[in-house]
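Notes for the one structure printed next.
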Amino acid sequence: RTILIARVPIEKEALEGWLSAIWEKLPKGRVGKAQNQDDMEKATSSVVQQEVTAYAKSKGRTVISIKIPMPKVMPNLSSVRAACPRKAAFSFFYPPHQDAMYELFQVFMKPETVEDFIATVAYCRDSDMMNPRLFLYAYSKACLTRKDTRGFQFPSLYEVMPDVFVNTVVVRQAEEYSGMPMEARKVLTANGPSMMAQAMANPDGDLNPDVESPAQERQIFNRSYTGRDFNPENKLAYFREDMGVNSHHHHWHVVYAPKEKLDRKGELFYYMHHNLVARYDAERLSNGLPRVIPLDITTRPIIAEAYFSKLTAENSKMAYAGRQANTPVADIDIPPDPDAGMPDLDRVNIEDMRKSKDRILEAIDSGFFIKREELEDGRLKLTQVPAFPDGTSSVTDPGVDILGNLMESNDFSINQKFYGDLHNDGHRIMSRVHDPRGHFKESYGAVGDLPTAMRDPAFYRWHKFIDEMFEYYKRQMKPYTEAQLIWEPIQVENISVQIKGNAAPAPNILKTYWMQSDIDLGRGLDIRRSLSREGAIWARITHLNHEEFQYKINVINNSTTPVRGTFRIFMAPRDNEHGQRLYYIQQRLLFFEMDKFVHTVPPGRQEVVRESTESAITIPWEQSFKDLEDQLQDGPKEIPHIAVCGCGWPQHMLVPRGLPQGMFFDLFVMVTNAEEDIPEGSEPNPDVKCKESISFCGILNKKYPDLKPMGFPFDREPSKIKSNQADMMDKDPQHLSGFIGNKPNMKAVEIKIIHETRKVKLRGNGAPPEMPVREPELATSKRTKNRPNRNGRESPDYFD
Ligand code: CUO
């Protein structure tokens, strides 16, 4: 068959070109019905040729056709099809879909040569039997796992499936534009109101004279995500619906897929999600909302928070279902519906979840898990596995990894029969809560799929509950002793953060602001292009960003030789939702990682300078949102890896939103002995050319590069501070300073994050400046638009 590739030069990048072509939406779906090679070639008709040529021309490229042979072994896709047909809604948390995905992944792992791999993948992609979402997971996984595809990069996720990132109205608008010449198009407003553009034109605010307080700011800046600020949860929409945040979560689960054996996978499930929740709490506090309240589904609660994602899955044409406020949780019991991709009964029994929860808590209390193995002769072998294999006072904690695997649960649960599938079941219950018996043949809600789960407020409530289970486990461990925490050679004298640039404010002030960036939706839409339909379809997304800054850490090495230290940087809000200083035992749980790096300190004094962009948790904007083609033009050297490269907290979300008057955070730095921290076999991969998010995503196929328990030193309760009076009890340290005490290798500083309410920056990496902006149509009521408000001003506000 023929695959058309709109890129050059092919000699240099044949492999990347071929692989990428499989992703390209352009020829997709029009060669599917062909039965043999001749038919295939006929099917890639001149229409497709024309479309691709036009597209390539618009990008200044030439077109090269490559003949891709049929696979050596024709894959049998019938069982994959039976589990999840082409038009079904694929759900990562539904076991038959996971199994089908893994089966397809195995098909992709079999071909011995990369050419045959491409032939197999191309055949599968075009097959009528193939569910595109299932294909995406299996293909991503295969490219990540096969040795011969190392170094291959994927387009950004939003390019492949804009339908799960951009609301349906905008997707339809983009489709509309695809049939129009370039001059007739406007910049679509993917989220956030077009007021942004006007605010930029009027930086002094004549247009927005009321922007003085966060509440007023919200009316102007947040209202066009997916809801209105009548619902307080909507204040956080910019966080939950951020494309980089959701893309990270999707990639994380592709890398740490349920059947993938990776170093400390269970523990990282705990730690990465713990950070997501802690980071969300910081964002809530800065929006005047209380910290997340855990949702224990096993008590059949009512979910107070509503959510309507306004997304539609393109392949099934089914909307991601919404959830009313105050929806009661119920058992799922949905009869099989093979056409909808549910070959099996979809059943989750809350009583089973309750048993799982109780058994896990009991294992933590009793100190052992029960491992189950089925022997070859059919007998069962049950063994006790200690929950704290190294005891409760060691600095290491291998038990949390066992716990993570069985809580998630993944294929490495030591006894799925007994401990169940607690976390996944929670996602399934929440995602079907609107139609738990399938009476209405509704699709699942956003929380039931990876690239959309973090949009739903209920996601954080469920993950907070899961996090508290881990916390219950961690509370059984003895506090770290002074000896375990102190590392003598290093004394941290002073730490500070400093915004870069000439007009930088005083130290220890960070600044957040809104930014608008353009993405090209044209590539991801499965739309026909013709000569009149060329060029990008720009959508403008509004997101949080911050001024780049540096950490300056003044250390003294008191020894006579250079020492290698692991620098651990965390941050947490100082005050609770009532404006009171958080007690340390509460604040400990709110610390989120900002960075971690190894640095050699020579004897004596040194100022260690670290850039915010070097963070071990983040990936740069280009990796979350890169324009693949433009990168290819620069040559393949900078081409990042699939999934691993997409896995990472988005750089633009590194710093939580501040307040106009400033919000106080504690910045904490601890230096430990890298010789003890770094395991062998954790060196960076030379063939991974992108920036890896080492702390959240590990290093591809290597050991996790830190032997300390993840979250150290905040993962355990602190030692009590001894009272020197006989009649007084020992006490928890009241504040962070009490925990730090005199430990020389730790230091904290209070910093202030100022949110610049009026500042809206245009990244300028997309639409030409003269292109007009199209008003958002989703959240703006035509009836009330531009009615004068109470003060007689023209108001863009639909609240009136
Ligand atoms: Cu990532 Cu629940 O584990 O969504």
Side-chain angles (χ1 to χ4, degrees), residues 90-95 97-98 101 133 137 140-141 157 164 239-242 244-260 262 264-280 292 294-298 303 305 307 309 320 329 348 353 356-357 360 400-401 403-413 420-433 444-470 592 617 643 646-650 653 693 695-698 710:
F90 174 84
S91 171
F92 189 82
F93 297 105
Y94 180 55
H97 288 182
Q98 269 189 9
M101 188 261 281
R133 295 290 304 284
Y137 284 98
S140 313
K141 199 83 214 122
L157 220 46
V164 295
F239 180 99
R240 294 194 317 266
E241 294 172 9
D242 185 273
V245 164
N246 282 285
S247 167
H248 159 65
H249 184 240
H250 166 97
H251 282 299
W252 190 90
H253 281 277
V254 171
V255 177
Y256 287 87
K259 293 178 197 293
E260 203 68 32
L262 294 168
R264 291 166 75 184
K265 173 195 178 86
E267 185 176 8
L268 195 53
F269 168 76
Y270 145 67
Y271 182 61
M272 198 284 291
H273 288 88
H274 169 81
N275 272 271
L276 297 184
V277 177
R279 183 65 183 67
Y280 186 61
V292 174
L295 181 77
D296 182 354
I297 288 178
T298 71
I303 305 180
E305 295 80 4
Y307 188 64
S309 69
Y320 284 80
V329 155
V348 182
M353 293 177 69
S356 297
K357 176 183 106 176
I360 293 168
V400 72
D401 192 48
L403 180 64
N405 288 333
L406 64 83
M407 288 259 283
E408 185 180 0
S409 70
N410 57 43
D411 280 33
F412 305 96
S413 167
D421 198 7
L422 185 63
H423 152 265
N424 290 334
D425 280 351
H427 275 272
R428 288 171 68 191
I429 288 272
M430 292 188 296
S431 71
R432 294 279 183 196
V433 77
Y444 51 80
V447 75
D449 200 6
L450 293 181
T452 51
M454 288 187 70
R455 297 175 151 253
D456 187 337
F459 169 94
Y460 303 88
R461 294 200 55 200
W462 177 237
H463 267 282
K464 181 92 147 202
F465 166 78
I466 295 292
D467 199 51
E468 290 206 340
M469 297 271 291
F470 283 108
F592 48 88
I617 66 162
C647 184
W649 188 246
M653 295 296 273
S693 165
S695 285
F696 281 3
C697 307
M710 295 180 196

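Counting convention: from 1, in listed order, for ligands and their atoms alike. Computed from a prediction, not measured in an experiment: that's the story for all the values here.
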Under 4.0 Å, heavy atoms only, figure out whether ligand 1 is touched by the backbone of E408, its side chain, both or neither. neither

Treating S413 as the side-chain partner and N410 as the backbone partner, does any N or O pair qualify as donor plus acceptor under 3.5 Å? no

Taking only residues two or more places apart in sequence or in another chain, which ones pass salt bridge (charged side-chain N to carboxylate O under 4.0 Å, His left out) with K265? none

Heavy-atom contact under 4.0 Å between W462 and ligand 1? no

With a 6.0 Å cut-off on the ring centroids, do W462 and H273 count as close? no

Should the pair R428-D425 be classified as a salt bridge under the 4.0 Å nitrogen-to-oxygen rule? yes

Specify whether H249 and F459 have parallel, tilted or perpendicular ring planes, treating 30° as the upper limit for parallel and 60° as the lower limit for perpendicular. perpendicular

Near atom 1 (Cu) of ligand 1, which protein N/O/S atoms are found at less than 2.8 Å? H249 NE2, H253 NE2, H273 NE2

By salt bridge (charged side-chain N to carboxylate O under 4.0 Å, His left out), D401 pairs with (sequence neighbours left out) none

Which residues pass the side chain to side chain contact (heavy atoms under 4.5 Å, CB included) test with S356, sequence neighbours left out? L422

